[in-house]
Amino acid sequence: MANASATAKSPRRRRRRARAATFLATTCHRLLRFLATRRLRLRLRRRGHGLDGDSYPSGHLPLTRASSTPQEAEAPDAAAAQPRQEERHGDDDAAATEAGKYWVQRHSLFSLYDRGVRMDAEGWYSATPESIAAAQAARAPPGSLVLDAFAGVGGNSIQGCYVVAVEIDPRKVELAAHNARIYGVEDMIEFVVGDFFHLAPSLKADLVFLSPPWGGPSYSQAQVYSLDMLKPRDGYTIFQAAQEISPNVIIFLPRNVDISQVEQLSWLSSPPLDFASEENYIEHRFKGITAYFGGVAQEALKQEQISS
Ligand code: MGP
Ligand code: SAH
């Protein structure tokens, strides 16, 4: 009798112990990563690095937090009714017209828009809509460090991963840092002002996310969008810079991109990387294509099989 009850209890105990061990391991991993990022940040702050990414010594991960402007320190606007002047792109009529079109989509770009999300002209037409950014971020392995190489106003960086966010325009970094505070994820992101191509050799990450400029809203006029049309360099150069950092790469591309060219990027590695792609829609409107390479593509393919 005593024996029977002992054997009945032990599998349960074993399961409980296994669950506790998994919980401890995950928590420790997260804590260690958090502490490592924090230590790095403090060390670099103490060394007095400024906001110019180009001035960082190579071999060091340049991590700085963007300072907020007095304007950004203001309380978030509740239910903003009209675009502010900076969002309407000053007196550039063509740009203001574009902002108008994207203004209507503001809540699909940032669901917390009314809490005071800030944008600039390029941010309006480039920010990844929130549900698409969330789906892309969900592909990152839990606890991984993501490099957002073209961070813009933060549409992707704010998705709750550990992120190093690189952006060449200091004003955009201020906006992105402000937006991160609205989403309560400012402690998970290190913002770096700098040129991704200059910084790439000194950056480390588990996964690189690329959402480079597509050349403005006129991208959609091309019948077929070629990777050569990406900015500030062609898609091959951008992809190769990312590959130096990690074999796991996600790229957000125009809906009219030549998908066979995109797939060929996986052949730049030997052996070729795994590749997967998905079309991204918002309310049945085709917005863009996300391409996955390396381990993150394997995961995407597995999840696809599970759901189909
Ligand atoms: P869009 O095609 O300009 O807008 O951009 P919309 O409303 O889909 O156009 P319409 O033709 O249906 O009227 C769609 C999405 O693509 C934007 O929300 C951005 O996420 C993304 N996007 C657009 N541009 C021009 C860029 C860009 O230059 N860079 C990046 N990374 N994303 C862009
Ligand atoms: N995913 C972003 C949008 C990115 S748009 C979002 O959701 O908000 C592309 C961004 O790349 C622009 O903000 C542009 O300023 C930036 N950029 C252009 N060249 C760059 C470079 N060499 N290094 C880093 N950022 C660059």
Side-chain angles (χ1 to χ4, degrees), residues 51-54 62 94-95 97-110 113 117-137 146-159 161 163-180 182-183 189 191-200 203 208-222 225 227 229-235 237-238 241-242 245 250-257 279-291:
L51 284 178
D52 180 1
D54 292 350
T97 309
E98 284 302 330
K101 164 178 153 182
Y102 297 102
W103 168 254
V104 174
Q105 305 177 22
R106 63 195 181 282
H107 295 116
S108 87
L109 294 176
F110 289 95
Y113 183 85
V117 165
R118 293 193 187 276
M119 305 281 264
D120 67 0
E122 191 178 4
W124 273 114
Y125 64 72
S126 308
T128 308
E130 189 168 293
S131 60
I132 297 176
Q136 292 163 338
V146 179
L147 172 67
D148 186 357
F150 301 91
V153 295
N156 290 97
S157 302
I158 59 161
Q159 280 303 322
C161 299
V163 177
V164 173
V166 173
E167 166 58 51
I168 202 163
D169 174 357
R171 175 65 183 144
K172 281 194 184 59
V173 171
E174 291 178 359
L175 299 174
H178 168 85
N179 296 337
I182 290 185
Y183 277 77
I189 310 171
F191 290 101
V192 182
V193 178
D195 182 331
F196 167 59
F197 300 98
H198 292 162
L199 294 170
L203 295 170
V208 182
F209 178 79
L210 301 167
S211 166
W214 299 351
S218 61
Y219 80 88
S220 58
Q221 286 163 20
Y225 187 97
L227 288 180
M229 293 157 79
L230 285 174
K231 306 283 177 213
R233 306 203 189 164
D234 64 84
T237 309
I238 296 175
I245 298 165
I250 302 181
I251 318 183
F252 187 44
L253 291 163
R255 57 189 173 230
N256 50 348
V257 75
E279 297 184 343
N280 304 115
Y281 293 82
I282 301 282
E283 287 168 4
H284 308 293
R285 290 178 78 98
F286 192 9
K287 292 288 174 179
I289 290 182
T290 307

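Just so you know, these numbers come straight off a predicted model, no measurement behind them. Atoms within each ligand, like the ligands themselves, are counted from 1 in listed order.
Within ligand 1, the atoms closer than 4.0 Å to a non-hydrogen atom of Arg285 are 10 (P), 12 (O), 13 (O), numbered from 1 in the order shown. Against a heavy-atom cut-off of under 4.0 Å, Pro213 is close to the following atoms of ligand 2: 9 (C), 11 (O), 18 (C). Each of the following atoms of ligand 1 lies closer than 4.0 Å to a heavy atom of Gln105: 7 (O). Less than 4.0 angstrom separates some heavy atom of Ala127 from each of these atoms of ligand 1: 17 (C), 18 (O), 19 (C), 20 (O). Of all atoms in ligand 2, listed by their number and element, those nearer than 4.0 Å to a heavy atom of Gly194 are 23 (N), 24 (C). Near Gly216, with a cut-off below 4.0 Å to any heavy atom, the atoms of ligand 1 are 25 (C). Distances below 4.0 Å separate heavy atoms of Phe197 from the following atoms of ligand 2: 22 (N). Listed by atom number, the atoms of ligand 2 under 4.0 Å from Gly154 heavy atoms are 8 (O). Each of the following atoms of ligand 1 lies closer than 4.0 Å to a heavy atom of Pro129: 18 (O), 20 (O). Near Lys172, meaning under 4.0 Å from any of its heavy atoms, are these atoms of ligand 2: 13 (O). Listed by number with element, the atoms of ligand 1 under 4.0 angstrom from any heavy atom of Thr128 are 20 (O). Ligand 2 places these atoms under 4.0 Å from at least one heavy atom of Ala151: 2 (C), 6 (C), 8 (O). Heavy-atom contacts of Ala149 reach the following atoms of ligand 2: 24 (C), 25 (N) (cutoff under 4.0 Å).
Atom-to-atom distance recorded for Ile238:CD1 and Leu227:CG is 8.5 Å, nearest 0.5 angstrom.
Inclusion of Gly155 in the set of residues having an N or O under 3.5 Å from an N or O of ligand 2 is warranted. Where the criterion is an N or O separation shorter than 3.5 Å, residue side chain and backbone included, Thr128 meets it with respect to ligand 2. For ligand 2, the polar-atom distance check against Ile168 finds a nitrogen or oxygen pair separated by under 3.5 Å. Polar contact with ligand 1: absent for Phe286 (N/O pair, distance under 3.5 Å). Polar contact with ligand 1: absent for Phe252 (N/O pair, distance under 3.5 Å).
Contact analysis puts Tyr102 in contact with ligand 1, with a non-hydrogen atom separation below 4.0 angstrom. Under the 4.0 angstrom criterion for non-hydrogen atoms, Pro213 is in contact with ligand 1. Residue-ligand proximity: Ser220 is placed with every non-hydrogen atom at 4.0 Å or more from ligand 1. Distances shorter than 4.0 angstrom do not occur between any heavy atom of Pro254 and any atom of ligand 1. At least one heavy atom of Arg255 sits closer than 4.0 Å to an atom of ligand 1.
With sequence neighbours excluded, no residue forms a salt bridge (Lys or Arg N to Asp or Glu O under 4.0 Å) with Asp234. In this view, Phe110 satisfies the ring pair (Phe, Tyr, Trp, His ring centres under 6.0 Å) rule with no residue, not counting sequence neighbours.
Residue Pro232 touches ligand 2 through its side chain alone, judged by heavy-atom distances below 4.0 Å. With a 4.0 Å cut-off on non-hydrogen atoms, Phe252 does not touch ligand 2 at all.
Side-chain contact between Gln159 and Val146: absent, with no pair of heavy atoms (C-beta onward) separated by less than 4.5 Å.
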Side chain to side chain contact (heavy atoms under 4.5 Å, CB included) between Met229 and Tyr219: does it pass, once the steps are laid out?
CA-CA 8 Å; Met229 293 157 79; Tyr219 80 88; over 6 Å; no

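Aromatic ring orientation, Tyr113 versus Trp124: tilted (interplanar angle from 30° to 60°).
Among Phe150, Tyr125, Phe252, Tyr225, the single residue meeting the ring pair (Phe, Tyr, Trp, His ring centres under 6.0 Å) criterion with Trp214 is Phe252.
Counting heavy atoms only, Phe150 comes closest to atom 11 (O) of ligand 2 of the residues Phe196, Trp124, Phe150. When the options Glu167, Glu122, Gln159 are ranked by their closest heavy atom to atom 16 (C) of ligand 2, first place goes to Glu167.
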